[in-house]
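Lettering of chains follows the sequences in order, A, B, ..., and the numbering in each one begins at 1.
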Amino acid sequence: MTNYIEELQWRGMIHDVMPGAQEHLQESLRSAYVGFDPTADSLHIGNLVTIMMLAHFQRSGHKPIALVGGATGMIGDPSGKSAERNLLDEPTLRHNQNAIQKQLEHFLDFDASQKNAAEMVNNYDWMKSFSFLDFIRDVGKHITVNYMMAKDSVKNRITADAGDDTSAGGSEGMSFTEFTYQLVQGYDFLHLYKENSCTVQMGGSDQWGNITTGTELIRRIGNGKAYAITCPLITKADGSKFGKSEGGNVWLDPARTSAYKFYQYWLNSSDEDSEKYIRIFTFLNQAEIDALIAEHNEAKHLRVLQKRLADEITTIVHSAQALEKAKQASSILFGNATAEDLKSLDEQTFLDVFDGVPQAEVSIAAINDGLDIVAALATDTGFLKSNGEARRALKENSVAVNKVKVVEEYKIGSTDLINGKFVLLQRGKKNYFVLKVV
RNA sequence: GGAGGGGUUCCCGAGCGGUCAAAGGGGGCAGACUGUAAAUCUGCUGCGUAAGCUUCGGAGGUUCGAAUCCUCCCCCCUCCA
């Protein structure tokens with residue numbers, strides 16, 4: 001039983017801990033849970049901190065429980081500025097739950113023969129048959145509205161025009177449904193406390209209020225003691241939102257966010273952020289991390305931290321092979337790759353490297369006739385919005401065919417084909433487009 | 001219900017009869033520099049190779065000519081009841 005709290009502490013993963021939690025965890029094997037939203041069939045990197053909390057928990061010898069919020073997901077947590085939730089039907093819910101468990105298996109050991117095997121539960125299973133009357137009698141009776149109103153998540157929503165300097169958005173009030181959210185989540189904790197001897201709930205710092213409703217229920221109904229541990233919300237030094245890229249969320253599912261993009265997201269962390277991230281998102285120990293930071297400070301341009309961070313997390317979430325491909329893709333896209341390098345790629349590798357890059361099809365006849373570069377950029381493919389934009393880009397010397405800059409008069413011919421069927425168009429450094437000959 | 005103010009190109013915001021495809025800023029994109037970063041500098045940012053065409057809440061109208069004037073309609077905001 002290693003000291004879990006200390007481990008999280010030096011990693012900067014602790015925002016708040018309920019007093020006594022450390023002693024409680026040192027005594028014997030404990031169970032802790034984290035809730036995940038099953039609205040999609042994949043988690044995203046915003047979920048990664050709490051996943052790491054569970055992973056470290058298991059590595060410390062304790063038993064992690066991942067709770068899928070099939071029931072709570074239907075209500076909507078007022079702690080975020082979440083919009084209206086749509087109800088998931090049960091098959092979708094199960095599908096999402098299975099997909100999420102697959103992803104968690106990269107971090108957690110679900111092997112039931114282990115004493116501290118990870119476990120997956122879905123609160124829909126115990127909430128679906130809980131009648132409204134039963135709920136308000138057995139649960140609602142024990143918590144006062146006054147208590148619930150005191151939560152920040154609630155206060156912020158109901159004090160209409162009190163603090164105009166809090167959040168820019170106007171208060172729209174709060175539905176009864178959302179108000180109930182904390183009770184439902186609190187009940188989850190009580191349920192797990194009773195059925196799974198789960199005594200700790202973890203989550204982001206925005207969950208503190210919801211978690212304490214749970215510990216309160218456990219105290220009042222279960223006559224027990226339970227603990228809350230929260231982690232800070234991950235921020236980026238430049239103020240932009242962590243976990244978002246141009247394409248929206250950075251997902252763990254390679255079908256949603258390719259391993260290459262995933263790798264790139266981490267590689268592009270700022271110096272400041274990467275020092276923080278490497279502690280949170282890798283399992284490297286303190287000595288290793290200190291050494292890396294020292295090395296990084298010696299020669300920042302080598303970006304030792306970013307590279308190691310990206311390597312580690314990509315390997316865990318995807319695989320060592322996926323990491324290799326992502327790195328290969330990176331060196332082709334950002335290294336000094338030449339047309340020859342590109343042409344040397346076999347078809348499968350080419351497709352992997354440019355997975356997710358938009359494509360358009362052109363006929364072989366058009367290529368053989370010499371395809372006008374302006375048409376190839378705009379009208380024939382939709383890569384750029386208009387011929388005018390294509391011409392502008394060409395004048396800016398920002399267009400390349402197969403990594404070679406071209407001029408406005410250029411015509412794409414059969415000698416430009418890679419593997420006899422692809423042409424790589426590029427606008428600037430980062431915008432790629434693949435022409436596929438059919 | 002009464003009184004005012006306003007809706008402009010991705011966003012904010014100037015323009016208030018011709019010189020307006022529309023100032024300025026932001027954002028975006030590109031080029032240089034660099035570490036696939038940050039900062040900085042430069043250029044581009046309705047469509048069209050061009051002539052020209054389509055834009056200023058919507059529909060009409062006045063005028064040689066309208067984002068700018070008139071009429072009606074729609075939508076937002078503020079104040080009063």
(message) Counting the benzene-type ring for Trp, do A:F422 and A:F354 have ring centres under 6.0 Å apart?
(response)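 A:F422 vs A:F354: aromatic centres not under 6.0 Å.
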(request) Please find out if less than 6.0 Å separates the ring center of A:W266 from that of A:F281. (result)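 Close enough - the centres of the two rings lie under 6.0 Å apart.
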Using a heavy-atom cut-off of under 4.0 Å over every strand shown, decide if [X] touches base, sugar-phosphate, or nothing.
X: A:N387; answer: sugar-phosphate
X: A:K395; answer: nothing
X: A:S270; answer: nothing
X: A:L267; answer: base
X: A:R303; answer: base

Nucleotide [N], atom [atom2] - distance to [atom1] of [X] in whole Å:
X: A:D273; N: B:rG35; atom1: CG; atom2: P; value: 20 Å
X: A:I373; N: B:rU49; atom1: CD1; atom2: C1'; value: 16 Å
X: A:L384; N: B:rG46; atom1: CG; atom2: P; value: 15 Å
X: A:K385; N: B:rC10; atom1: NZ; atom2: P; value: 10 Å
X: A:L377; N: B:rA30; atom1: CG; atom2: P; value: 14 Å
X: A:Q306; N: B:rA37; atom1: CD; atom2: C1'; value: 8 Å
X: A:E409; N: B:rU49; atom1: CD; atom2: P; value: 14 Å

Among [options], the one nearest [X] by side-chain distance:
X: A:S386; options: B:rC47, B:rG31, B:rG35; value: B:rC47
X: A:K429; options: B:rU36, B:rG35, B:rU34; value: B:rU34
X: A:H301; options: B:rC47, B:rG35, B:rA30; value: B:rG35
X: A:R392; options: B:rU45, B:rG35, B:rU36; value: B:rU45
X: A:S398; options: B:rU49, B:rA30, B:rC47; value: B:rA30
X: A:Y263; options: B:rC29, B:rC33, B:rU36; value: B:rU36
X: A:R391; options: B:rG48, B:rC33, B:rG35; value: B:rG48

Take atom [atom1] in [N] and the same atom in [M], then report the distance between them in whole Å.
N: B:rG57; M: B:rC44; atom1: C1'; value: 29 Å
N: B:rC56; M: B:rG46; atom1: C1'; value: 12 Å
N: B:rC10; M: B:rC77; atom1: C1'; value: 23 Å
N: B:rA14; M: B:rG24; atom1: C1'; value: 7 Å
N: B:rA67; M: B:rU8; atom1: C1'; value: 7 Å
N: B:rG1; M: B:rG17; atom1: P; value: 34 Å
N: B:rC69; M: B:rG5; atom1: P; value: 13 Å

(message) A cation-pi test, strictly: NZ or CZ of A:R59 under 6.0 Å from the centre of the six-membered ring of A:F283 and no more than 45 degrees from its axis. Yes or no?
(response)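 Ring-cation test returns yes.
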(message) Whether the side chain of A:E396 and the base of B:rG43 hold a donor-acceptor pair under 3.5 Å is what I'd like checked.
(response)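 Checked by distance alone, the answer is yes.
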(message) Tell me whether the side-chain N or O atoms of A:E389 pair up with the base of B:rU45 as donor and acceptor below 3.5 Å, since no angle test is needed here.
(response)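 There is none.
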Looking at [X], does any N or O in its side chain come under 4.0 Å of the phosphate oxygens OP1/OP2 on [N]?
X: A:K430; N: B:rG31; value: no
X: A:N431; N: B:rA30; value: yes
X: A:K405; N: B:rG31; value: yes

(request) Tell me which of A:N397 and A:S269 sits closer to the 5' end of RNA chain B, going by the nucleotide each one is nearest to. (result)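 Here A:N397 is the residue nearer the 5' end.
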(message) Under a 3.5 Å cut-off for both contacts, is B:rA67 paired Watson-Crick or G-U wobble with anything, and if yes, with which nucleotide?
(response)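 Pair assignment: B:rA67 / none.
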(message) Side chains of A:S60 and A:E7: any donor to acceptor distance under 3.5 Å?
(response)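 Distance-only check fails for A:E7 and A:S60.
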(request) Using only heavy-atom distances, determine whether the side chains of A:D416 and A:Y410 contain a donor-acceptor pair under 3.5 Å. (result)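 On atom types as modelled, these side chains qualify, holding a pair under 3.5 Å.
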(message) Is it the case that atom NZ in A:K325 sees more than 12 heavy atoms from other parts of the structure closer than 6.0 Å?
(response)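 No.
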(request) Check A:N3, A:V17, A:I229 against A:Q22 for a side chain to side chain contact (heavy atoms under 4.5 Å, CB included) and give me the one that passes. (result)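 Per the side chain to side chain contact (heavy atoms under 4.5 Å, CB included) rule, the option paired with A:Q22 is A:N3, out of A:N3, A:V17, A:I229.
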